[in-house]
Amino acid sequence: MEYDFRKIEQDWQKKWKESKVYAVSNESAKPKYYVLDMFPYPSGAGLHVGHPLGYIASDIFSRYKRLKGFNVLHPMGFDSFGLPAEQYALETGQHPATTTEKNIATFKAQLDKIGFCYDWEREVRTSDPQYYKWTQWIFLQLFNSYFCNTQKKAMPIADLVEKYETKGNKNFTAEQWNAFTKKEQEDILMSRRLAFSKYGEVNWCEALGTVLANDEVVNGVSERGGHPVVKKKMRQWYLRITAYADRLLAGLETVDFSDSMKEMQRNWIGKSEGAEITFEVMNRESPVVNTDATESASLTTHNSRLTVYTTRPDTIFGVDFIVVAPEHDLVNEIKSTEQAVAVNEYVAYVKSRSDVDRMAEKKITGCFTGAYAINPFDGKEIPVWISEYVLAGYGTGAIMAVPCGDERDFKFAQHFNIPITNIIGSHFNGEEANPTKEAILENSGFLNGLLMKDAIGIAVNKMEELGIGKRKVNYRMRDAGFSRQRYWGEPFPIIWSDGIAIPLDAEELPLELPHVDTYGPGPEGEGPLANIKEWVDLTPGPSPKERGEQPQDSAENKTPGYINSSVEEWRKTIAFAKQNRKDATVEEDIIWQELRNRKIGDFKFRRQHPVAGYIPDFVCLEKKLIIEIDGGYHNDKEQIVFDKAREKWLKEEGFTMIRFTNSEVNNSLSLVLKDIEQALQNKETVAENAGSGSPLPWRGAGGEVKRETSTMPGYAGSSWYFLRYMDPNNTNEFCDRKASDYWNQVDLYIGGTEHAVGHLLYSRMWTKVLFDLGLVGFDEPFKRLLNQGMIQGSSRFVYRLRGTNVFVSPNRIKGPRTEEEMIETGIRGHEPDVDALHVNVNIVNGVELDIEAFKKWKPEFENAIFIKEENGKYICGVETEKMSKRYFNTVDPVDLCNDYGADTFRMYEMFLGPVEASKPWDTKGIEGVHRFLRKLWRLFNDDIKGPIWTSSAPSPLERAGGEVTDAELKVLHRAIKKIEEDTERFSFNTAVSTFMICVNELADMKCYKKEVLEKLLILLTPYAPHIAEELWSQLGNEGSVLDAAFPTFNAALLVESTKDYPVSINGKLRTNMELALDLDQKQVEELVLQNDIVQKWLEGKAPKKIIFVKNKMINVVI
RNA sequence: GCCCAUGUGGCGGAAUUGGUAGACGCAGCAGACUCAAAAUCUGCCAUUCGCAAGGGUGUGAAGGUUCGAUUCCUUUCGUGGGCACCA
């Protein structure tokens, strides 16, 4: 029987799906283990062979842990918000939700083909409202929390408010606080919230009317269209990640990440200890204005103060100039009239420079401001410059430059001919700066004679004493920008009312993305959402009450839904709606059971949801249909007047109301439901949040009321998705505390280094906040991190003689041509240049082009002529590039699974090299792994046509009999040991080679014994589950191999008594000697000296030394 | 410019703690089986000198530490990834 991998894999995947083998329970007596992949962004290109590398590794490890007796959580989902879908929508008009849905379907089909053990019941998608509802909810937790600097943790902002109201703080008393306007109070609170809003700089492209990411800006112009880009201040949201800087640093000690990964995060956080020093700044004006002859020629006016940050206060006497960021607020104040023009020009120049340019450029630029700072210790006048190498966002945005000790300062001084003061004597050679801390200070006033590193503390102490400086810890990390002027992301659950950010009530979540007609930017560079006026603008018209339509004597508590246009009143409304939900009548509950489960036409209803200034019992926003279940009081005179006013108001807003009495619900429910169904059918569907009849309570709120129109960035959803997998279908909470307590931290997290700082830091921060608020029980999300390398594409090229239809194989580009070729091509003598063209790697066999396939692929070259190598082949050029569709170097895993099987594909990806390493893809080698699996198959099955197997060979069961020999056991147990060790240390490539060695040895020994082979199958299960399961069942086992027990290694079987020692002379290997393992140094020396080859090299002399390392080697030193 | 990683045969890679460099596989070469092909099996396969025995060289380059270095240190070059010029 042949190895029919297609049938085997298909059958078992089907069986596994039917029997739900991958379903994971949150309750188990087994120990838990959580293996997580960084979930993919579902791009339109589908998976290529680079994606599954990490997934296969995690799948192997999950299956391995399962065999080891763990309850393993190994989920998968999709990071489905993001720019590419939006760009695509902009180009094609297709809604991102549609394309995303389609892409996910493709991804899932591809993933399933590879045979991963995901529990798809736990799938999450960040763009699913049921998911981002909780992203928005967590954002609200961040918004409603502040970082307490004494307890070093997040606390509810309400605590802070209470403190202010009762005790005030160091800036204001409780009385003052209470006297502040609402806006003043909110501004103060905003400066403490963990999610907060402030003005920040963005890359603004006037021509495109949009904000651009750094990588969309090239050489100061937009990548698309080449329009100029400048910095512009816009209101943005931020996460106060800087508050967590110290805890993020400390947390690194408790997790198992690679040292380089920790190093990258530490560098990103960039904690430094130094001092802030304040300089007086003088400005020397020319005495042109003042004609008074008594004025001196250089009038010096006292201007302002400038604070710099430095990590080297010990070098204060070596300061030769000061550099201020061009964006610094003080620049305008301190620049002299003479320098004003130059300064303005320079500032304008910097404004046009992209961050990327400022980073990559080696050019030294700057401009003198005309101002001088005074060294507080020796009174020296120090020129103040501005330069783009000083960043406004770091430290104080100003530095004191010490050219003898800092490379950049030195180059700057050289470039602008600024004299350099040497404070480190012979340590400075005038050629280059020396950043040492070990020199003895000179020319340094009271610091003279001190070692620099000792002087740091002394200098700061003196500064603090004199009040000119203070100790300061600085972080290079900045608060994380959290808003994007885009469409395809989570909308902020925030309403702006008179400049105050008002969070939505949790009941209002999810705030779903409204439909838009265009995905282009909104006015003033706002996001596309700003284009939907009716969605954004919630500024109310007058309420019925204000229009005098509500009966004047109506008791407020009877109809509190009718409100005035004020924030306070709609807050009351929300509270009232909440209470209504709790106080629901029996009849309302009956209807709600029908409506909430979408039994009627699959429309979403909300209960006690404020609409247009009052609170209906039920509302379907898509249909603008309101259902009221009325009690007896509607017969009251007052109520009749009220109901009339209400109906009129709702009609203006486009709502229809149908009313039922309690007795109708109780006695003829089916008729009631029918009426509702009828009403739904009779009305047109409208976008849920569109239209003037806004569903929201602040329809009645006062002043200008607008929605936040930016959306959250890509990392919002991915900052907490690992928690949602634990409890993915919970509609009441983001994750049940019981579930997160059980699954706890992710035990193994696998993903690329490209997320080293971004995603990993953000999710670490979110986890810490959730921990502080008591919502989860751990404050580091990932216990262990494994970084998979990137698989690069291996591109293939053909070379075309420019302007001709002739392709030349690389070695034939430089002639000579045969007569035939010259006739065929019609080209003689001088030949034109060649152009290299990417060719689809899938039609190239190794490097040999399949010419027929090429012609089929590019029909325009159907009649092309190929000048081949001498062996008659057309050879392609090879280059390693990023794997990308446009280079035609992507390979679809599904194709490989079809050609070789998922098991082969999985093992081959692992066999390519260490998971952590980056390496180019080459399909060619997959044959070898496939051969291995066929060889394994033949240990169990006869191959009818093969020469060494005959049809009369014993059946698998018969072969499985017989005594197992020691040699066979040795082979097996060596494999058990090595596979276990290699899997534990993620050395999957060597594990695969161990399997190969083991199967080769068993085949050589003609070992067909069940006892040996079935253990081997268990070892193989994590790597090649389909073939393992098939052969396992062929051996007559009950149950699945997926749940077998990993075999135990028996060390006793591998004990050796001798060792074949390598014997070196002076470190060079000369011979080998088989020696007993229990010999001591003296015995070994004797035996070694008797050896012929050793004697030959000794040439009769005595050795200087003989080094003997037991069980390793022998080295004779002559 | 800065940070991190990385460099071993024609190719992917192995060498787990400083101890036999090149496991395993691909490609290639030679052979067996076959009418033939496929499949399978056997042998060779870093480089160089040599008929052989045996020797020289060799882990990007140059130094260093060591009895011994792919492994540790210094300098340097190339490649990949990241970035917010972080004083």
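Here is how names work: the chains are called A, B, and so on, in the same order as the sequence lines, proteins then strands, and each is numbered from 1. Here the structure is a predicted model, which is why all the values come from computation and not from measurement.
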Partner lookup for [N], please. Criteria are Watson-Crick or G-U wobble with both distances under 3.5 angstrom; report none if nothing qualifies.
N	result
U40(B)	A32(B)
G19(B)	C67(B)
A61(B)	U75(B)
A53(B)	none
A27(B)	none

Donor-acceptor pair under 3.5 Å, Lys1112(A) side chain vs U17(B) base: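 No pair found.
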No-H, no-angle donor-acceptor pair, Asn267(A) side chain to C3(B) base, under 3.5 Å: no
Between [N] and [M], how many Å separate the two [atom1] atoms, rounded to a whole number?
N	M	atom1	value
U66(B)	G81(B)	P	40 Å
A69(B)	G58(B)	C1'	14 Å
G10(B)	A46(B)	C1'	11 Å

Can you tell me which nucleotide in [options] comes closest to the side chain of [X]?
X	options	result
Glu263(A)	A84(B), C4(B), U42(B)	C4(B)
Asn989(A)	A14(B), C4(B), A87(B)	A14(B)
Lys924(A)	G81(B), C26(B), C85(B)	C26(B)
Phe911(A)	G12(B), A87(B), G13(B)	G12(B)
Lys1068(A)	A84(B), U57(B), A15(B)	U57(B)
Met996(A)	C67(B), G25(B), G12(B)	G25(B)
Ser272(A)	A14(B), A23(B), A87(B)	A87(B)
Met1113(A)	C41(B), G19(B), A84(B)	G19(B)
Val1117(A)	A27(B), U20(B), C67(B)	C67(B)
Arg938(A)	C41(B), G13(B), G55(B)	C41(B)

Touch class at under 4.0 angstrom, heavy-atom based, for Ile997(A) against every strand present: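 It contacts sugar-phosphate atoms only.
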To the nearest angstrom, how far is [X] atom [atom1] from [N] atom [atom2]?
X	N	atom1	atom2	answer
Asp406(A)	C85(B)	CG	P	16 Å
His415(A)	G1(B)	NE2	P	16 Å
His930(A)	G12(B)	NE2	P	24 Å
Leu760(A)	C4(B)	CG	P	17 Å

Lys924(A) with Asp922(A): basic N within carboxylate O range, under 4.0 Å: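 The answer is no: the pair does not qualify as a salt bridge.
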Ion pair Glu981(A)/Arg985(A), N-O distance below 4.0 Å: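 No, no charged N to carboxylate O under 4.0 Å.
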Whether Phe416(A) and Phe412(A) hold their rings parallel, tilted or perpendicular, with breakpoints at 30° and 60°: tilted
Any side-chain N or O of [X] less than 4.0 Å from the OP1 or OP2 oxygen of [N]?
X	N	value
Trp1097(A)	G54(B)	no
Asn1000(A)	G25(B)	yes
Arg931(A)	A39(B)	no
Tyr475(A)	C86(B)	no
Arg408(A)	C86(B)	yes

Non-hydrogen side-chain atoms of Ile277(A) and Thr307(A) separated by less than 4.5 Å: no
His930(A)/Tyr908(A) aromatic ring centres below 6.0 Å: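 Ring centroids of His930(A) and Tyr908(A) are no less than 6.0 Å from each other.
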Proximity of Phe995(A) and Tyr1023(A) rings by center, below 6.0 Å: yes
For G58(B), glycosidic torsion class - syn if within 90° of 0, otherwise anti: anti
Lys198(A) to Tyr238(A), cation-pi by 6.0 Å centre distance and 45° axis angle: yes
